[in-house]
Amino acid sequence: MLARSELPPDTTELARYLIGKVVVRTTPEGVLSGRIVETEAYPVGDAAGHAYRGETARTHALFLDRGHAYVYLAYGVSWMLNVSSEAAGVGAGVLIRALSPLEGIATMQRNRRIQNLRDLARGPGRLAAALDIDRRVDGIDLCRRGPLWIARDAGDTPDDTPDVGTSTRIGLSQEAQRLLRFYVRGDRFVSGPKALNR
DNA sequence: AGTGCGATTGACT
DNA sequence: GTCAATCGCACTA
C-alpha cells in the first residue's frame, strides 16, 4: 500500500508518480488488479478540470486530501477513476487512463464481456468496467486497505523505472495544448492515438 | 423546467 | 474514418 506521506503533494508530480503503481480492487469475486500505464493531471486552475468552478455534490471527492478516489460518470456511459491530488479543501485530481492487467483477469473479462487482453483496461471507462468501479467507491481512501486501494508492485526495484512519455491530454476542448498526460513508452496497454504515444 | 454538452466507447463504413 | 448511445451536471430563465 502507498502511504499518503509519500504521494507528491502536487497534481502533476503525482500523475507522473502513479505510473507503474498498482490499482487493487477487492470484491466478493476475488482480487482484481492492474499496473498503471497512463495518467492525466487536472491541476488547480485548469479550466478542463471538474474542480474549476468550485466544489459541487459530484466533485466533493476531488476536494479531499490527496489519495482519495473521485469517480464520476462520463457521457452517461463510462465511469472514470481519479485520484485526488492536493490538500483537503483544494480541488484537483489525476485521471487513471489505462492499466496493464495483473490479477483477476478472468473476472475482468467477464466484467467487460470481452476476451481480448489488450482491450481489457486500455481506456478510462474500460478499466473502471473491468474493475467493477462505479459511484460506490467514490470518496474511498486509496491509502488504506479496503475495496479499492493503490499499491506498489512487490517486484518493483528502483532501477526498474519505466520510460515515461509526456503528451497533451485526450478528449479536451479546453486547455488542450498542455502537456499533462503521462504514459509508459512502448506499452501495448496505453490508450490514445499513435501520434501521442511516441 | 429546459438546454447543451462532456476527462468515452463500441458498432459500423 | 464516422456516429449514436445515454445521463447528470452546470447554466439559463
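Note on naming: letters A, B, ... go to the chains in the order of the sequence lines (proteins, then strands), and numbering restarts at 1 for each one.
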### Query
Base, sugar-phosphate, or nothing for A/R58, non-hydrogen atoms under 4.0 angstrom?
sugar-phosphate
### Query
What residues form a salt bridge (Lys or Arg N to Asp or Glu O under 4.0 Å) with A/R136, not counting sequence neighbours?
A/D132, A/D134
Review item, side-chain donor-acceptor pairs of residues 72-80 of chain A, under 3.5 Å, at least two apart:
none

### Query
What distance, rounded to whole Å, do you find between the two C1' atoms, one in C/dC3 and one in B/dC5?
16 Å
### Query
For every nucleotide of nucleotides 6-13 of chain B, 5' to 3': is a protein heavy atom under 4.0 Å from its base (B), only from its sugar-phosphate (S), or from neither (-)?
BBBSS---
### Summary
Sequence neighbours excluded, the answer for side-chain contact (heavy atoms from CB on, under 4.5 Å) partners of A/Q109 is A/I105, A/A106, A/Q115, A/L120
## Note on the structure
Listing for DNA chain C: consecutive Watson-Crick or G-U pair runs of at least 3, distance cutoff 3.5 Å, ranges ordered by first number, gives B:1-6 with C:7-12, B:8-12 with C:1-5
### Query
Transitive ILVMFWY cluster of A/V90 at side-chain heavy atoms under 4.5 Å: who else is in it?
A/V44
### Task
Can you run down the salt bridge (Lys or Arg N to Asp or Glu O under 4.0 Å) pairs that involve residues 83-97 of chain A, sequence neighbours left out, and say none if there aren't any?
A/E38-A/R97, A/E40-A/R97
### Task
List, by chain and number, the other hydrophobic cluster members for A/L180, where Ile, Leu, Val, Met, Phe, Trp and Tyr join if side-chain heavy atoms come within less than 4.5 Å, directly or indirectly.
none
### Task
Taking salt bridge (Lys or Arg N to Asp or Glu O under 4.0 Å) as the test, write out the residues that go with A/E175, two or more places apart.
A/R178
## Note on the structure
Atom CG of A/D134 and atom P of C/dG8 are separated, to the nearest Å, by 12 Å
Which pairs, protein N/O on one side and nucleotides 11-13 of chain C N/O on the other, fall under 3.5 Å?
{"residue": "C/dC11", "atom": "OP1", "partner": "A/R53", "partner atom": "NE", "Å": "3.0"}

### Message
I'd like to check the side chain to side chain donor-acceptor pair (under 3.5 Å) partners of A/H50; sequence neighbours left out, ordered by chain and number.
### Response
A/Y70
### Query
Does the pair A/D46/A/R169 count as a salt bridge with the N-to-O cut at 4.0 Å?
yes
#### Entry: Qualifying salt bridge (Lys or Arg N to Asp or Glu O under 4.0 Å) pairs, either residue in residues 105-120 of chain A, two or more places apart
A/E29-A/R110, A/D119-A/R122
